[in-house]
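Beneath this line is the structure, given in structure tokens, with notes to follow.
Every chain is numbered from 1, with letters handed out A, B, ... down the list of sequences. All values derive from a computational prediction rather than experimental measurement. Atom set for the values below is all heavy atoms of this structure, side chains included, hydrogens, waters and symmetry mates excluded.
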Amino acid sequence: MNTQLEKAIIIKNEPWTPEYYLLEFSAPGISQKAAPGQFVHVKIPDRRDILLRRPFSIFKAESGTLSILYKSVGRGTRHMAKLHAGQAVNLLGPLGKGFPIPDTNKKTLLVAGGYGMAALYLTAARAQTPGLLFAGGAGKKDILCAQDFTALGWDVRLATEDGSCGTHGLVTNILDAWQARNGKSSEPELFACGPMGMLKAVAQRAKEWNCTAWISLDHYMACGMGACLACVQKINRDGEERLACTCKEGPVFEAREIIWEES
Amino acid sequence: MNTQLEKAIIIKNEPWTPEYYLLEFSAPGISQKAAPGQFVHVKIPDRRDILLRRPFSIFKAESGTLSILYKSVGRGTRHMAKLHAGQAVNLLGPLGKGFPIPDTNKKTLLVAGGYGMAALYLTAARAQTPGLLFAGGAGKKDILCAQDFTALGWDVRLATEDGSCGTHGLVTNILDAWQARNGKSSEPELFACGPMGMLKAVAQRAKEWNCTAWISLDHYMACGMGACLACVQKINRDGEERLACTCKEGPVFEAREIIWEES
Amino acid sequence: MNQPDLRVNLAGIAMKNPVTVASGTFGYGPEYADLIDLNRLGAIVVKGVSLNPCPGNPLPRIHETPAGMMNAIGLQNPGAKAFIKTYLPFLANYDLPVIVNIWGRTIEDYEGVAELFEGEPGVAGLELNVSCPNIKEGGNSFGTHPDLFEQVISAVRKKTTRPLLVKLSPNVPDITVFAKTAEQAGADGLSLINTLPAMAIDVETRRPRLANVVGGLSGPAIHPVAVKLVWEAARAVNIPIVGMGGILDPEDALEFIIAGASAVAVGTATFHEPTTVLRIIEGIEEYLLRHHLKSIAELRGTLKTGAR
Amino acid sequence: MNQPDLRVNLAGIAMKNPVTVASGTFGYGPEYADLIDLNRLGAIVVKGVSLNPCPGNPLPRIHETPAGMMNAIGLQNPGAKAFIKTYLPFLANYDLPVIVNIWGRTIEDYEGVAELFEGEPGVAGLELNVSCPNIKEGGNSFGTHPDLFEQVISAVRKKTTRPLLVKLSPNVPDITVFAKTAEQAGADGLSLINTLPAMAIDVETRRPRLANVVGGLSGPAIHPVAVKLVWEAARAVNIPIVGMGGILDPEDALEFIIAGASAVAVGTATFHEPTTVLRIIEGIEEYLLRHHLKSIAELRGTLKTGAR
Ligand SMILES: Cc1cc2nc3c(=O)[nH]c(=O)nc-3n(C[C@H](O)[C@H](O)[C@H](O)COP(=O)(O)OP(=O)(O)OC[C@H]3O[C@@H](n4cnc5c(N)ncnc54)[C@H](O)[C@@H]3O)c2cc1C
Ligand SMILES: Cc1cc2nc3c(=O)[nH]c(=O)nc-3n(C[C@H](O)[C@H](O)[C@H](O)COP(=O)(O)OP(=O)(O)OC[C@H]3O[C@@H](n4cnc5c(N)ncnc54)[C@H](O)[C@@H]3O)c2cc1C
Ligand SMILES: Cc1cc2nc3c(=O)[nH]c(=O)nc-3n(C[C@H](O)[C@H](O)[C@H](O)COP(=O)(O)O)c2cc1C
Ligand SMILES: Cc1cc2nc3c(=O)[nH]c(=O)nc-3n(C[C@H](O)[C@H](O)[C@H](O)COP(=O)(O)O)c2cc1C
Ligand code: FES
Ligand code: FES
């Protein structure tokens, strides 16, 4: 395993969209090892009352620099938004089993919601051939980094629930539309990260279309190392039903393996 | 009562001596009301795990600016040392009953150790006629602001235990020396703030010399408002023995009133 | 939209909102009166009062802990008579129900202090602090021994016609036993929780941080413990509950109400920020508005524990 | 100066230093082995193991609180046989005493799992987690009912020759009763404390933060509670104690030792900073050096409670 603890130095911490921040670190160790879909576990500096680390998908990782896109939603991320360049932040990573390398015999379809676009960026950046990104959200503000995918030569299709950007509707609508038109000509391979409802919908599509879908799950985590069992997901792998640690065996699972809870 | 809560803005927070920091606030409300020997109760910003405020003597207070001299000794003051100009800090103050106006018929003698020099500065600054300051400490680094008193025209006498500054020895030695030489010609009035041992020694002198000594006590505090009873001192006032809140009826008491604990 | 109805009838005590202060953290009234308009509080619970004056413990009496503090004030107070003379007239100037926290070291002590307040119209209710050791019974705490607990409540009940709140100790394996016993013994309401027994050591001197060695832990650190106990107690009895322990934000207070408390008390947070109690009142009102709830009663005890 | 002697003989378990990890916070060994040299630990206490596999509770299983966290993992584990097969061989590669934390829902469960480990040379000792409800006795917790408590310890004692540590629940009015009962029933040592029962509510959804509704509070928030209980237990018994609860800094560990613990365990802090356990070992050593103490034994139980 190549997980390490690293004292990363903040290069930049600035608003990226109205809701998300870009946090860029100098973290030569972790950035070098980072694979698509993996995450880092961030210790909130100077706040010993905030005990648990916070998990964030690795957005970019190159030449010693690591970045994440995070939304300020609670006490940990609110404190993160106050950090400034030069400060040291303790990172644990890279963690987890991320996305596999896209199968070049298939059509690579990324499906993203919320921070999912960040989580999927490295998959696109390191894919041999560009594919398509379907990204959605409530509105324009939820579309995080379409331009980064476009710059890689990817075909970016957007959908927002309020119609403020791209097609009016859910991201699965535009995915379905694509499938209806192209599904026969090329077998898709799906890579998804986003809200639970979207993930379930993507898993549903994979089943209907009889294709592979890689799903990145988001459960609450304490250790990030497979030790505390906070983050388990019921899966069926090789015919055996069991609980897998999302932090270690995930966050990415094949859709077929995942045994969804009723809710 | 004129205690208030004030959102003070940091003007300056910088090392003052090798151990002490100067923290200067824009705090028009409290600074205007501050009297010599009073203190402010500082809420540690951004650290909700540090629940209790920290009490600090008011060093200077003029034209809307309030300052304190503090030593970084524990988790609260360590965090304070990281604050920077522009940050807001919630202050509660001015608190307590400070030093009285020196009696112009007597010789005003200030006796200080540690942050006591800061606590006594306003007494000197607002006295009608300059008197003497006896200040001591373990070494030169404990002499906080002799020059501020000199600038006011005060006669400053120093003593350090390692002899690195002023007379070699305890501050009470130079006080005794003064008394031996001048005690007959003028009745002294003592004003003391410093470590417990020094305060007791000063109280002892006041008794022997049959003069008045004003002693500023330093007990642990929670509320600062006389509500929690954390900070009580046994005193005898008007023939009645009782517990007085140091934060409200003190921190300054007449030496004669104080009933010292054995220890 | 209409303002939500924040009023609460707490066991016969008419509160204009469900927010009061925890005994021992707000003095007897005058201490914070210049910083906080006392008329805005739902009620005031004063520092514990005993029949005779009590000097309390030696210093140090407090110690800070992560997200909490310990205290061993030792229930210092001027005694019931001095309290009546000095503070009740002051409190009478306000539109503010006064709940007097009382305690003793024997059952007779408790009876005596309860009786004294019978003649005082300025007293809206009594809160019985049972976290004291009974010096006659070998120092067993009234609050953790079911028999002593029952006896002291029954005894006080006979001496007072005032609404009687019993303040429960958190330090028991099953809070429902004590909650039900209190109800049966005649309590009109419950307050919980009192502080958790705790201790800290200065490792450099190897001395306890508190002169009393042991003290009571309070503050946000204990909030999740308090919520659990309030929830359990609320389901066990039919009398109203005042929830307290670690309230710092309005959400903390709302947790108690959703868990079943009729009112809440702000304690240690007042030391951190004296205006906390006002911010809690405002925060509760804002929450009710935002959730379209017409009254605080609509929120009380509405925890959903069913399948997700 | 000479290095101080950090070795501890914990009820027959030879530890190279007094620092271990708290059950459930360090997995079974491999999880942290790439980050931390396991050979440096005084011992490892593995996650609770039961006779049969246990799936644990639904998610969410954790919730963060001020200076603490709550968990309701629900004792998920692969069962004793799978543990023996998968993890004991891995742990055998290290110079590291292995203490297996065991639990059950009936006395027979406990007996069964204890017996299983009798044949395993890789097991240095057992730690009995008694904070589980006895499903046969109507769900009364083994850890808070003196009779059940005594029965389960006596039963396990008959089945094992290994050093037997009993892990006490903090949720009792008088810890010395349980400490003494454990000693009399044959425990070789005590571990304390387990988590404090707690609960938190999401006020926006009015749902419990944990699927299990109630969970256990751990972390620095509870440290002062733990120190008090360790101090009381240490004075009540003659068997060694492993102190735990909220250790984050070396000072926190030293408090336990000064209060009378022979060893300490780091729990929740490992999630915050995986290297905490190493920093605690170094900090203790540095402290002994600075205070000119030749061994950890010279520090144990040296709290000064006399007049100041
Ligand atoms: C594998 C993984 C990758 C993630 N990647 C990103 C990312 O790239 N960008 C981003 O903005 N967010 C990401 N998240 C979600 C992010 O971890 C949470 O938003 C964050 O932890 C919230 O912390 P907080 O202190 O602000 O919120 P609080 O609500 O105060 O947090 C309290 C506790 O709940 C946990 N928690 C709260 N929300 C979530 C959540 N959605 N998922 C998991 N734990 C949560 C926190 O970690 C903490 O332990 C990811 C989560 C996981 C599990
Ligand atoms: C009336 C008064 C005036 C003071 N004026 C000054 C001043 O001008 N400059 C200065 O440097 N210091 C002053 N002090 C001492 C100062 O309050 C403490 O040094 C400071 O509170 C330590 O906080 P900490 O978090 O760094 O230490 P910690 O040890 O982490 O504090 C833990 C707790 O102990 C309390 N505490 C620790 N040391 C003291 C102490 N010596 N006195 C009172 N409480 C203490 C803290 O307030 C806090 O509640 C004054 C104290 C009092 C009572
Ligand atoms: C300094 C202090 C003094 C207290 N004095 C009393 C008291 O006299 N009587 C009482 O019943 N509770 C007393 N308590 C307990 C509080 O009323 C309350 O139950 C406890 O602090 C938990 O609430 P909190 O976490 O909001 O402070 C005191 C608490 C503190 C911190
Ligand atoms: C996630 C988690 C899982 C735990 N699992 C167990 C367990 O299986 N058996 C047990 O006896 N204690 C278990 N505990 C309790 C710890 O061993 C320890 O007693 C408690 O957390 C207090 O220590 P701490 O504050 O350092 O974490 C668990 C604690 C946590 C946080
Ligand atoms: S977060 Fe601890 S096992 Fe996954
Ligand atoms: S600090 Fe609360 S009474 Fe003085």
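Around CD of C:E286, the count of heavy atoms belonging to other residues, nucleotides or ligands within 6.0 Å exceeds 12. Around the NZ atom of B:K234, the shell of radius 6.0 Å holds no more than 12 heavy atoms that belong to other residues, nucleotides or ligands. The environment of CD1 in B:I101 is sparse: at most 12 heavy-atom neighbours from other residues, nucleotides or ligands sit within 6.0 Å. Applying the 6.0 Å contact sphere to CZ of B:R54 captures more than 12 heavy atoms from other residues, nucleotides or ligands. Under a cut-off of 6.0 angstrom, the local environment of NZ in B:K33 is crowded, with over 12 non-hydrogen atoms contributed by other residues, nucleotides or ligands.
Contacts with chain B were tallied for C:T25, C:L248, C:N71; C:L248 has the most, counting heavy-atom pairs under 4.5 Å. Listed options B:R75, B:Q233, B:H219 were ranked by heavy-atom pairs under 4.5 angstrom with chain C; first place goes to B:R75. Ranked by heavy-atom pairs under 4.5 Å with chain B, the list C:G219, C:G56, C:G68 is led by C:G68.
With salt bridges taken as basic N to acidic carboxylate O contacts below 4.0 Å, none links B:K248 and C:E31.
With a 4.5 Å cut-off on non-hydrogen atoms, B:Q4 touches chain C through its backbone but not through its side chain. Residue contact with chain C, scored on non-hydrogen atoms closer than 4.5 Å, is absent for B:R242. Using a 4.5 Å cut-off between heavy atoms, B:C231 touches chain C through its backbone atoms (N, CA, C, O) alone. Only the side chain of C:T268 has a heavy atom closer than 4.5 Å to any heavy atom of chain B.
Nearest heavy atom pair, residue B:L243 against residue C:P55, reads CD1-O, 3.2 Å. What you find for B:C223 and C:F271 is that their closest heavy atoms are CB-CD2, 3.6 Å. The minimum heavy-atom distance between C:R61 and B:L229, with the atom names listed, is NH1-O, 2.7 Å.
In this structure, the side chains of C:H63 and B:L52 stay at 4.5 Å or more apart for every pair of heavy atoms. Looking at B:C228 and C:I62, their side chains never come closer than 4.5 Å, going by heavy atoms from C-beta outward. Annotation: side chain of C:L35 is in contact with side chain of B:L92 (closest heavy-atom distance under 4.5 Å).
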Margin query: side chain to side chain contact (heavy atoms under 4.5 Å, CB included) for C:D34 and B:T3? Distances and angles first, verdict last.
Written below: CA-CA 8 Å; C:D34 289 318; B:T3 297; over 6 Å; no
Item checked: Audit row: C:E273, B:R53, salt bridge (charged side-chain N to carboxylate O under 4.0 Å, His left out) steps and yes/no -> CA-CA 9 Å; C:E273 179 50 59; B:R53 289 171 180 252; 2.9 Å; yes
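With C:H272 contributing its side chain and B:L51 its backbone, the two residues share a donor-acceptor pair below 3.5 Å.
A distance of 13.0 Å separates CE in C:M69 from OH in B:Y220, rounded to the nearest 0.5 Å.
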